[in-house]
Colleague: 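Supplied in structure tokens, the structure appears directly below.
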Amino acid sequence: PPSRPRISSNRIFTNTEAVINSLIANPPKPNVIPSRDGDEPKGLAHTLEKALSIKYDKLNTKEILRQALRDLYFSRILIIKPFWNVEKNDIDVRRVDPNKVRFAITARNEEQSEFAIEEIDTTLLKLTEMFPDKKQEILDGSGTQDDRLIIDNPPATYKECWVGTELFI
């Protein structure tokens, strides 16, 4: 009896990086729409749009978006956190690892969640610099002595908990 021909699939499966590259090839730039008609509001909106576009490029937002889209692909959520950078005295943005963030189980978006908790990895020295009033309490909790802090500088993790508009650490 004649044998059946082997079935072959000619589909091309795109890899993750190719999909991400096509998504961020032309990322959206900030767009400012004037609130009123007239030359002055239009000029102000145009100036603000240029400033935000420059900031967008300076912050390397395209690379942050690439990392966040990778998170979306693997974890089904992407988190980009804008914050005030005290060292630069300017706004900054960073990608947050979705495995280190907790939301309310019933929430479908960030506005429906009553809380958001983020685990942040740092060192004990940085943690005591952030909270100098609680230095002794932090050292007692970690079991590290003050004179060994600079030498050992063990890793530490703390949690930021956002409930409504309040931040608890």
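Reckoned from all heavy atoms, side chains included, excluding hydrogens, waters and symmetry mates.
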Colleague: With a 6.0 Å cut-off (strictly less than), is the heavy-atom count around CD of Gln145, excluding the residue itself, greater than 12?
Modeller: no
Colleague: Quick one: closest heavy-atom pair of Lys81 and Phe83, and the distance?
Modeller: O-CD2, 3.5 Å
Colleague: Just how far is it from atom CG of Asn60 to atom NZ of Lys58, taken to the nearest 0.5 Å?
Modeller: 13.0 Å
Colleague: Keeping the roles fixed (side chain from Asp152, backbone from Pro154), state whether a donor-acceptor pair exists under 3.5 Å.
Modeller: no
Colleague: Look only at the side chain of Ser113 and the backbone of Ala104, and say whether a donor-acceptor pair between them is shorter than 3.5 Å.
Modeller: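 Confirmed, Ser113 side chain pairs with Ala104 backbone.
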Colleague: List the steps, then state whether salt bridge (Lys or Arg N to Asp or Glu O under 4.0 Å) holds for Glu129 with Lys126.
Modeller: CA-CA 5 Å; Glu129 288 172 357; Lys126 286 183 182 176; over 6 Å; no
Colleague: For a quick test of reading the model, state the closest non-hydrogen atom pair linking Thr106 to Gln112 and the distance between them.
Modeller: O-OE1, 4.2 Å
Colleague: Within a reach of under 6.0 Å around CG of Leu167, are more than 12 heavy atoms found that belong to other residues, nucleotides or ligands?
Modeller: yes
Colleague: Could you tell me which non-hydrogen atom of Tyr56 sits nearest to which non-hydrogen atom of Thr61, and how far apart they are?
Modeller: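 Smallest interatomic distance, heavy atoms only, reads O-OG1, 2.8 Å.
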Colleague: Is a side-chain N or O of Thr123 found less than 3.5 angstrom from the main chain of Asn153, in a donor-acceptor match?
Modeller: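 Checked: no pair found.
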Colleague: Which atom pair, heavy atoms only, marks the closest approach of Val32 to Ala45?
Modeller: CB-O, 3.6 Å
Colleague: If we count only N and O atoms by modelled type, under 3.5 Å, do the side chains of Gln136 and Asp140 hold a donor and an acceptor together?
Modeller: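 Yes - a donor-acceptor pair under 3.5 Å links their side chains.
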Colleague: Out of curiosity, Ile91 CD1 to Leu59 CG, how far, rounded to the nearest 0.5 Å?
Modeller: 8.0 Å
Colleague: Going from CG on Leu127 to NZ on Lys134, what distance comes out if it is rounded to the nearest 0.5 angstrom?
Modeller: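 Here the rounded value is 12.0 Å.
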Colleague: Give a yes or no on this: more than 12 heavy atoms of other residues, nucleotides or ligands lie within 6.0 Å of atom NZ of Lys159.
Modeller: no
Colleague: Quick one: pull up CG in Asp146 and OG1 in Thr128 and give me the separation to the nearest 0.5 Å.
Modeller: 8.0 Å
Colleague: Give a yes or no on whether the backbone of Leu139 and the side-chain of Ser142 come within a donor-acceptor separation of less than 3.5 Å.
Modeller: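 Yes: the side chain of Ser142 pairs with the backbone of Leu139.
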Colleague: For the CG atom on Asp39, are there more than 12 heavy atoms of other groups (residues, nucleotides or ligands in this structure) within a distance under 6.0 Å?
Modeller: no
